[in-house]
Number of protein chains: 2
Amino acid sequence: MAKVSMREVAAHAGVSIGTVSHVVNTPEKVSPETLAKVNQSISELGFVPNAAARQLRSGRSSSLGLVVLDAANPFFASVARGAQDACDRAGLALLLGDSGTDERREGKYVDLFAEQRVNGLLVTPAGSDLSGLEGASRRGTPVMLVDREPGSASLSSVTVDNVAGGRLALDHLIAGGSVRPAFVGGPLTLPQVADRLAGATLRAHDAGLGLEVFDSGEQTILAGRAVGQQIVAMPRSQRPDAVFCANDLIAVGVMQAVIMSSGLTVPDDLAIVGYDDIDYAYSTIVPLTSVRQPAELLGRTAVETLLSEESAGSTGHHNLRFTPELIMRESTKPE
Amino acid sequence: MAKVSMREVAAHAGVSIGTVSHVVNTPEKVSPETLAKVNQSISELGFVPNAAARQLRSGRSSSLGLVVLDAANPFFASVARGAQDACDRAGLALLLGDSGTDERREGKYVDLFAEQRVNGLLVTPAGSDLSGLEGASRRGTPVMLVDREPGSASLSSVTVDNVAGGRLALDHLIAGGSVRPAFVGGPLTLPQVADRLAGATLRAHDAGLGLEVFDSGEQTILAGRAVGQQIVAMPRSQRPDAVFCANDLIAVGVMQAVIMSSGLTVPDDLAIVGYDDIDYAYSTIVPLTSVRQPAELLGRTAVETLLSEESAGSTGHHNLRFTPELIMRESTKPE
DNA sequence: TTGTAGGCGTTATCAT
DNA sequence: ATGATAACGCCTACAA
């Protein structure tokens, strides 16, 4: 059933193998009648071109590989969507791998894709060791880091500026009248979290304000709620009047704590800014103000840059950094 | 850079091409010294086996294709994870395609995977026309429907029983003392929604109760909140004492409405059951009772069944149906 | 317009 | 244990 090759088609249609190939690839160079005849045979026999053979012959595969940390994470889901759009436009297929933040699995996908001879590899590395990717790059598979700075590694990258994001959040809180802003997030060792905090701290200091830091430990609703309950319990004179949360889930938790408390309201008693602008942010009880990362754009740009580097011949690496955007909703006061 | 084949390796190591192949595939059948020598050359030259050539020669592809409606949806993310686990165990690679509920894009992936000669295809079809998949199946690519009944089509499938899920939810609400249960969900034309409602209705009638139906139009938090506000506004004598929601987002919306209202509480005034048991069901203000679908199991079983059908020779199709499970939390009264 | 033939990189079958 | 060699299915000059 599955073993229908051009040979069978050719025999069935009474033409040569080369003609069948022409029908498949350059139909305009074939006489209408043979075209019809061959197409008839093709569908009758259920011929499906063998990608392996085609690729072996032509050298390249017309596909890209994308390896993300967690396909279920809305941020990466958007990145993937953007990448897919760009691939669609370029006539390429996007192969998606989910490493689950596991370096071993990531390596498996990188190898797999390299063996498939993909036209390029987009990776958000799980670990800090980029040597494997550098190797793949040197061996001829163009590599692009996604949401990860290359550091000293010689690789291209597309990232979003987390320091700018933190600054943006504090800008807004301060413009809304906050005189006692705070930061909620964790673990503080995570580069993204640390950068967002750094930007926020800088901006607060610029305004002559301090920035109290609450380490939530992890980035979940429950962790945020715990910190929120702690904040709600503080005496009014010491309590922050605004919080910048390292991601939206934490922000949702903080909001829950405020709402469950008796008497306090958002944003009057506590203004809240989240990060990521997940879909769910606009449907929290008080719609959440959030810093949005241009995730789709990130994916799209990663693909486009990769392709342009490829066609331009490997003349050095590109390192692009995007700036996030503040989405204002009702969890903060207008400026 | 990229054009390192076994030939170069063989030349560099001073052996034949066949020996290099042995080193790569059956190292135990090669003398330790040649093995070392060849491996040395391999890493020195950066040789990466060409999957296309290997597959062309051997016929096997060692990969499966999975096409989902929305990779960002937690349900499908879990399905994908389960499938990936099963593939890992079987030494296969999982190629993931996201159709975005677009039949055209789905078709593209199906074709792509068929051309790649994947060992099998797992698909949640976007449309109602299964003829393309039947064709692929007939042409030799084993196909398995995921979360979709084959209807009259001759295909294998793995699904979760939505009627049973609806029954389960009502079982629990009635056992908790509900005498005026209601259903919130929509669009009612969606098979999943309709089946859940059917099961719930059946069970309510069994208990001699009615089941008021609120059509939420769509399955979002905001749609649920709108219905929730409507329910909260009803006079106590007519108001439902419990609602079964077609998915968790709707349930969250209803819960928000109750909590925003003054005076009503969950579960005392209104018990709430959701569906899907998404990750943050346990971090809603009142932890949400929900009907959980065995999504990972679904993915894993789909892969395993596919592989077993394949090795057993194509002796008919399998149609498996799983039963969902109720996860009890605080949004409903204990039984 | 159509047919012929060489070769892409690998595996597998034989010899050696 | 290793080497030589014929496919695998397709593309593409080139020839007819």
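Here is how names work: the chains are called A, B, and so on, in the same order as the sequence lines, proteins then strands, and each is numbered from 1. Side chains are part of it too, since the values below use all heavy atoms of this structure and drop only hydrogens, waters and symmetry mates.
Between the CZ atom of A:R54 and the P atom of C:dT10 there is a distance of 21 Å, rounded to whole Å. Rounded to whole Å, the distance from CD on A:E8 to P on D:dC8 is 10 Å. The interatomic distance linking B:R117 (CZ) with D:dG9 (P) rounds to 9 Å, in whole Å. Following rounding to the nearest Å, B:N50 (CG) and C:dG7 (P) show an atom-to-atom distance of 18 Å. The distance from atom CG of A:L45 to atom P of D:dG9 is 14 Å, rounded to the nearest whole Å. As a whole-Å value, the separation of A:L56 CG from C:dG9 C1' is 5 Å.
For the OP1/OP2 pair of D:dC10 and a distance below 4.0 Å, the side-chain nitrogens and oxygens of A:S21 include no atom meeting the criterion. Phosphate contact (OP1/OP2 of D:dG9, side-chain N/O of A:R7, threshold under 4.0 Å): present.
End-to-end axis angle of the helix from C:dT1-D:dA16 to C:dT16-D:dA1, using five pairs per end and rounding to 10°, comes to 40°.
For the atom pair A:S41 OG and A:E8 CD, the distance stands at 11.5 Å (nearest 0.5 Å).
Which of C:dT11, C:dT10, D:dG9 sits closest to the side chain of B:N25 comes down to C:dT11. Residue A:M6 places its side chain closer to D:dC11 than to any other of C:dT11, D:dG9, D:dC11.
Side-chain N/O atoms of B:T159 and B:S157 include no donor and acceptor closer than 3.5 Å. Side-chain contact annotation: A:D276 with A:Q293, donor-acceptor N/O pair under 3.5 Å present.
Minimum interatomic distance between A:R139 and B:G46 (heavy atoms only, all atoms of both residues): CD-O, 3.1 Å. The two atoms that bring A:P324 and A:V160 nearest to each other are CD-CG1, 3.9 Å, heavy atoms only.
Counting only residues at least two apart or in different chains, salt bridge (Lys or Arg N to Asp or Glu O under 4.0 Å) contacts with residues 73-101 of chain B comprise A:D70-B:R81, A:R105-B:D85, A:R105-B:D88, A:K108-B:D88. Here salt bridge (Lys or Arg N to Asp or Glu O under 4.0 Å) pairs that include residues 140-162 of chain B, with residues two or more places apart or in two chains, are B:E149-B:R321. Applying the salt bridge (Lys or Arg N to Asp or Glu O under 4.0 Å) definition to pairs two or more places apart or across chains, none involves residues 35-46 of chain A. Sorted by first and then second residue, the side chain to side chain donor-acceptor pair (under 3.5 Å) pairs with a member in residues 13-23 of chain A read A:S16-A:T19, A:S21-A:N25; sequence neighbours excluded.
Scanning atom types as modelled, no donor and acceptor separated by under 3.5 angstrom connect the side chain of B:R57 and the base of D:dC8.
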I'd like a list of close polar pairs between nucleotides 2-4 of chain C and the protein, N/O only, cut-off under 3.5 Å.
unit_1 : atom_1 : unit_2 : atom_2 : d
C:dT2  : OP1    : A:S31  : OG     : 2.9
C:dT2  : OP1    : A:T34  : OG1    : 2.6
C:dT2  : OP2    : A:S31  : N      : 2.9
C:dT2  : OP2    : A:T34  : OG1    : 2.9
C:dG3  : OP2    : A:S16  : N      : 2.9
C:dG3  : OP2    : A:S16  : OG     : 3.2
C:dG3  : OP2    : A:T19  : OG1    : 2.4

